[in-house]
Colleague: 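Pasting a structure below so you can have a look.
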Amino acid sequence: GSASTSDSSADAIRETVRAAANIARHTQEDPCAGLADADRMATDLKDLDLYHPWTLDADAAKELALECEAAGLDHDPRIRNSDGASVSTQQSCRVYGNSHGFIGSYIGSRHSLSCVLIATDDAGMQRDYWYTTSRLPEQLESARAVGEEAARRTVARLSPRKVRTGSFPVAFSAQTAGGLASHLLGAISGGALYRRASFLLDSLGETVAAEHLTLAEEPHLPGALGSTAFDGEGVATTAKAFIDQGVLASYLLSSYSGRKLGMPTTGNAGGVFNLTVSGRTLATADLLKELGSGLLVTDLMGQGVNSVTGDYSRGAAGFWVDGGEIAYPVDEITIASNLKDMFKGVICVGDDLDTRGNVRSPTVLIDRMMLAGD
């Protein structure tokens with residue numbers, strides 16, 4: 001049973017524990033439920049450099065947001081409106097303890113600055129954005145740089161064209177490729193596996209991706225957004241590859257899902273921690289030359305992904321690449337394939353790793369997908 005409260009008083013905490021216990025009394029006995037094994041608890045609670053507060057008051061934050069928006073609006077006369085700019089600063093404290101005697105805690109910070117702009121020409125309106133985020137305020141991009149990048153990206157989308165229906169190479173930009181990695185992680189997560197709701201059932205040790213492709217987590221990177229010394233159950237986190245040069249090397253398990261599968265936890269209760277996609281790497285210009293003629297995806301819409309079969313079909317927008325060069329913007333496209341084929345068909349990745357989240361990916365080039373346009 002579980003219960004939560006936003007009231008940190010002693011009485012509220014006692015009542016929350018009592019509520020969780022009452023819920024547990026009404027559940028069916030489950031031999032797989034319970035704490036992670038005592039010998040898996042983290043013992044080296046190293047300082048991962050996660051806490052860097054930003055001494056920013058409301059007036060200063062407002063000035064930063066206005067500077068960011070103004071930089072975007074001044075960039076091009078076709079930018080006539082915005083959905084605004086925002087500044088965020090957060091501080092957090094996480095403490096986990098259990099009856100094995102384990103107790104671990106850490107404090108963290110996270111700061112961000114973003115801008116969303118709207119541009120108009122004779123073909124209509126287009127919208128795009130940019131943002132920067134970090135645990136360290138001094139590592140954020142400047143307000144002007146964020147506004148100008150949001151503007152550049154918005155103007156680039158004006159006057160989009162359609163594409164002809166057919167099979168073409170497709171590159172997912174670094175900002176969209178992390179979603180592909182997340183689909184694969186979902187397929188190797190314990191919950192999907194013990195429910196037999198995954199397109200990668202019984203695939204441990206098999207080649208499931210291109211032989212150069214690796215998906216590995218590094219939970220102890222100093223200052224990174226996904227860093228932690230212990231998972232959601234107090235289990236020590238470790239660096240590991242889930243996909244190692246194309247081979248499925250590890251599932252993604254908590255203690256509960258591990259017991260359901262007759263396997264030990266991988267220290268991933270709560271997900272992955274600083275998952276990085278890597279492989280055969282080309283500079284952006286060289287990756288586009290490798291693509292030749294096809295689609296660079298910069299925006300995805302819809303939820304057309306079947307985790308059981310791996311079938312993938314989503315709305316997309318981005319840029320048509322012709323002769324290795326970006327030719328013009330495109331939108332209202334449907335891209336389709338199967339995730340098994342997509343991961344095995346990864347030709348290369350870019351040198352533009354996006355580190356602004358917990359799943360970190362560069363641009364990913366896939367040999368072929370079906371595009372539905374005109």
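For this chain, numbers begin at 1 and follow the sequence in order. We use all heavy atoms of the structure for the numbers below, so side chains are in, but hydrogens, waters and symmetry mates are not. Remember, it's a predicted structure, so these values are computed and weren't measured experimentally.
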Colleague: Under a 4.5 Å side-chain heavy-atom rule over Ile, Leu, Val, Met, Phe, Trp and Tyr, are L73 and L158 clustered together?
Modeller: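 Cluster IDs for L73 and L158 match.
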
Colleague: Answer with yes or no whether the side chains of D7 and S9 bring together a donor and an acceptor at under 3.5 Å.
Modeller: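 Note: S9 and D7 side chains meet the donor-acceptor criterion.
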
Colleague: List the steps, then state whether side chain to side chain donor-acceptor pair (under 3.5 Å) holds for T214 with Q245.
Modeller: CA-CA 5 Å; T214 293; Q245 295 184 321; 5.7 Å; no

Colleague: Treat each ILVMFWY residue as a node, draw an edge where side-chain heavy atoms are under 4.5 Å apart, and state whether M41 and I103 are in one component.
Modeller: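 As far as the 4.5 Å side-chain criterion goes, I103 and M41 are not connected within one cluster.
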
Colleague: Would you say T363's side chain and G350's backbone share a donor-acceptor pair under 3.5 angstrom?
Modeller: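 Flag not set: sc T363 to bb G350 has no pair under 3.5 Å.
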
Colleague: Can you find a side-chain donor-acceptor pair between S109 and Q91 that sits under 3.5 Å?
Modeller: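 No pair is found: no donor N or O on one side chain lies under 3.5 Å from an acceptor on the other.
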
Colleague: State, to 0.1 Å, how close D244 and A249 come at their nearest heavy-atom pair, and which atoms those are.
Modeller: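 Answer, listing the atom of D244 first, then A249: CB-CB, 4.1 Å.
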
Colleague: Distance check, rounded to the nearest 0.5 Å: L288 atom CG versus L291 atom CG?
Modeller: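 Atom-to-atom, L288:CG and L291:CG are 6.5 Å apart.
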
Colleague: Let me confirm one number: the OG-CG distance from S189 to L252, rounded to the nearest 0.5 Å.
Modeller: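 Taking OG in S189 and CG in L252, the distance rounds to 6.5 Å.
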
Colleague: Evaluate the side-chain proximity of L295 to I333: yes if any heavy-atom separation is below 4.5 Å, no if none is.
Modeller: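 In contact.
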
Colleague: Are L253 and N268 close enough that some pair of their side-chain heavy atoms sits under 4.5 Å apart?
Modeller: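 They are not in side-chain contact.
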
Colleague: Should E218 and T276 count as side-chain neighbours, where that means a heavy-atom distance under 4.5 Å?
Modeller: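 E218 reaches T276 side chain to side chain.
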
Colleague: Look at R127 together with D83 and state whether they make a salt bridge at an N to O cut-off of under 4.0 Å.
Modeller: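 Salt bridge: yes.
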
Colleague: Output yes when a side-chain donor or acceptor of S198 lies under 3.5 Å from a complementary backbone atom of A187, and no otherwise.
Modeller: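 At least one qualifying donor-acceptor pair exists.
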
Colleague: State, without any angle test, whether S255 and E233 hold a side-chain donor-acceptor pair at a distance under 3.5 Å.
Modeller: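 The answer is yes; a qualifying pair exists.
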
Colleague: Determine, stepwise, if the pair K240 / E217 fulfils side-chain contact (heavy atoms from CB on, under 4.5 Å).
Modeller: CA-CA 6 Å; K240 70 179 75 67; E217 67 171 353; 2.5 Å; yes

Colleague: Would you call E211 and K344 a salt bridge, taking side-chain N to carboxylate O under 4.0 Å as the test?
Modeller: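 A salt bridge is absent here (no side-chain N lies under 4.0 Å from a carboxylate O).
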
Colleague: Quick check: is V305 connected to V297 through a chain of hydrophobic side chains (ILVMFWY, heavy atoms under 4.5 Å apart)?
Modeller: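 V297 and V305: one cluster.
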
Colleague: Which residues pass the side chain to side chain donor-acceptor pair (under 3.5 Å) test with D49, not counting sequence neighbours?
Modeller: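 With sequence neighbours excluded, D49 shows a side chain to side chain donor-acceptor pair (under 3.5 Å) to H52, given in chain and number order.
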
Colleague: Ignoring hydrogens and geometry, is there a side-chain-to-backbone donor-acceptor pair from H111 to P53 under 3.5 Å?
Modeller: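 No: the side chain of H111 does not pair with the backbone of P53.
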
Colleague: Quick one: does S203's side chain have a donor or acceptor within less than 3.5 Å of a partner on E206's backbone?
Modeller: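 Absent.
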
Colleague: Please go through L64's hydrophobic cluster and name the other residues, only I, L, V, M, F, W, Y counting, with side-chain heavy atoms under 4.5 Å joining them.
Modeller: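 Besides L64, the hydrophobic cluster comprises W54, L56, V87, L113, W130, L140, V146, listed by chain and residue number.
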
Colleague: Determine whether the aromatic ring centres of residues F102 and F230 are separated by less than 6.0 angstrom.
Modeller: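 Yes, ring centres under 6.0 Å apart.
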
Colleague: Should I366 and F172 be marked as a side-chain contact (heavy atoms from CB on, under 4.5 Å) after you check the CA-CA gap, both sets of side-chain angles, and the distance that decides it?
Modeller: CA-CA 8 Å; I366 294 172; F172 288 79; 3.6 Å; yes

Colleague: Might you confirm whether atom CE of M301 has over 12 heavy atoms from other residues, nucleotides or ligands at distances under 6.0 Å?
Modeller: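 Above 12, so yes.
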
Colleague: When you measure from the side chain of T132 to the backbone N and O of E141, does any donor-acceptor pair fall under 3.5 Å?
Modeller: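 Yes.
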
Colleague: Okay, side chain of S142, backbone of A145: is any donor-acceptor separation there less than 3.5 Å?
Modeller: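 Yes, S142 side chain to A145 backbone: donor-acceptor pair under 3.5 Å.
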
Colleague: Between the side chains of D299 and R157, is the shortest nitrogen-to-carboxylate-oxygen separation below 4.0 Å, so that they form an ion pair?
Modeller: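 D299 and R157: salt-bridged.
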
Colleague: Distance-only, no hydrogens or angles: does the D30 side chain make a donor-acceptor pair with backbone N or O of C32 under 3.5 Å?
Modeller: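 Flag set: sc D30 to bb C32 pair under 3.5 Å.
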
Colleague: Are L201 and L193 packed together at the side-chain level, in the sense that at least one heavy-atom pair is separated by less than 4.5 angstrom?
Modeller: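 Answer yes - side chains close enough.
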
Colleague: Do R135's NZ or CZ and the ring of Y51 fall within the cation-pi criteria of under 6.0 Å and 45°?
Modeller: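 No; the conditions do not both hold, so R135 does not lie above the ring face of Y51.
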
Colleague: To the closest 0.5 Å, what do you measure between OG (S361) and CG (L215)?
Modeller: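 Reported to 0.5 Å precision, the distance equals 8.0 Å.
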
Colleague: Looking only at heavy atoms, which two atoms of S257 and G190 are closest? And how far apart?
Modeller: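 Looking at all heavy atoms of both residues, the closest pair is CB-CA, 3.6 Å.
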
Colleague: Starting at CD1 of I243, measure out to CG of L184 and round the result to the nearest 0.5 Å.
Modeller: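 It is 4.5 Å, given to the nearest 0.5 Å.
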
Colleague: If you round to the nearest 0.5 Å, how far is OG of S182 from CG of L180?
Modeller: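 OG of S182 is found 8.5 Å from CG of L180.
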
Colleague: Does NZ or CZ of R94 lie under 6.0 Å from the centre of the six-membered ring of Y106, at an angle within 45° of the ring axis?
Modeller: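 No, R94 does not sit over the ring of Y106.
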
Colleague: Check the pair F199, L339 against side-chain contact (heavy atoms from CB on, under 4.5 Å), reporting the backbone distance first and the verdict last.
Modeller: CA-CA 8 Å; F199 66 91; L339 288 168; 3.7 Å; yes

Colleague: Would D311 and K340 pass as an ion pair if we require N to O under 4.0 Å?
Modeller: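 Between K340 and D311 there is no salt bridge, as every charged N stays at least 4.0 Å from the carboxylate O atoms.
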
Colleague: Examine distances only and state if a side-chain atom of R280 and a backbone atom of I347 form a donor-acceptor pair shorter than 3.5 Å.
Modeller: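 Present.
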
Colleague: Under the 3.5 angstrom rule, does the side chain of D231 hit a backbone N or O of V235 as a donor-acceptor pair?
Modeller: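 Checking the backbone N and O of V235 against the side chain of D231, a donor-acceptor pair under 3.5 Å is found.
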
Colleague: List the steps, then state whether salt bridge (Lys or Arg N to Asp or Glu O under 4.0 Å) holds for K62 with D59.
Modeller: CA-CA 5 Å; K62 176 182 175 181; D59 289 337; over 6 Å; no

Colleague: Does any donor atom in the side chain of S114 or S86 lie under 3.5 Å from an acceptor atom in the other side chain?
Modeller: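 A donor-acceptor contact under 3.5 Å links the two side chains.
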
Colleague: Remaining members of M370's ILVMFWY cluster at a side-chain heavy-atom cut-off under 4.5 Å?
Modeller: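 Members besides M370: none; it forms no cluster.
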
Colleague: Pair R259, D37 - check side-chain contact (heavy atoms from CB on, under 4.5 Å), show working.
Modeller: CA-CA 11 Å; R259 289 168 188 150; D37 294 342; 3.5 Å; yes

Colleague: Sequence neighbours excluded, which residues qualify as salt bridge (charged side-chain N to carboxylate O under 4.0 Å, His left out) partners of R152?
Modeller: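 Checked R152 against salt bridge (charged side-chain N to carboxylate O under 4.0 Å, His left out); matches are E149.
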
Colleague: Does Q303 have more than 12 heavy atoms from other residues, nucleotides or ligands lying within 6.0 Å of its CD?
Modeller: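 Incorrect, the count does not exceed 12.
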
Colleague: With a 4.5 Å limit on heavy-atom distance, are the side chains of I23 and R18 in contact?
Modeller: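 Heavy-atom side-chain distance check fails, nothing below 4.5 Å.
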
Colleague: Which atom names give the shortest non-hydrogen contact between A192 and G186, and what distance separates them?
Modeller: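 So the two residues come closest at CB-O, 3.4 Å.
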
Colleague: Can you confirm whether Y129 is buried at OH, in the sense that more than 12 heavy atoms of other residues, nucleotides or ligands lie under 6.0 Å from that atom?
Modeller: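 No, because the 6.0 Å sphere around OH of Y129 holds 12 heavy atoms or fewer from other groups.
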
Colleague: Would a distance-only check, ignoring hydrogens and angles, find a side-chain to backbone donor-acceptor pair under 3.5 Å from D331 to A317?
Modeller: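 No, because the side chain of D331 does not come within donor-acceptor range (under 3.5 Å) of the backbone of A317.
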
Colleague: Which atoms form the tightest heavy-atom contact between P329 and S159, and what is the distance?
Modeller: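 Looking at all heavy atoms of both residues, the shortest contact is CG-O, 3.9 Å.
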
Colleague: Would you say the side chain of L282 lies within less than 4.5 Å of the side chain of D351, judging by non-hydrogen atoms?
Modeller: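 Of all side-chain heavy-atom pairs linking L282 with D351, none is under 4.5 Å.
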
Colleague: Residues two or more places apart in sequence or in another chain: which of them pass ring pair (Phe, Tyr, Trp, His ring centres under 6.0 Å) with F168?
Modeller: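 Ring pair (Phe, Tyr, Trp, His ring centres under 6.0 Å) list for F168, sorted by chain: W320.
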
Colleague: How would you list, by chain and number, every residue that makes a side chain to side chain contact (heavy atoms under 4.5 Å, CB included) with L48, sequence neighbours excluded?
Modeller: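 L48 satisfies side chain to side chain contact (heavy atoms under 4.5 Å, CB included) with K46, L50, H220, S227 only.
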
Colleague: Quick check: do L300 and I335 have side-chain heavy atoms less than 4.5 Å from each other?
Modeller: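 Yes, their side chains come closer than 4.5 Å.
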
Colleague: Please examine the side chains of S92 and I107, heavy atoms only from C-beta on, and report whether any two atoms are closer than 4.5 Å.
Modeller: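 Answer no - side chains too far apart.
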
Colleague: Is it true that, when you exclude E67 itself, more than 12 heavy atoms of the residues, nucleotides or ligands shown sit nearer than 6.0 Å to its CD?
Modeller: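 Yes - once you tally the heavy atoms of other residues, nucleotides and ligands closer than 6.0 Å, there are more than 12.
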
Colleague: Could you tell me the separation between the CZ atom of R80 and the CG atom of D121, rounded to the nearest 0.5 Å?
Modeller: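 Result: 8.0 Å between the selected atoms.
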
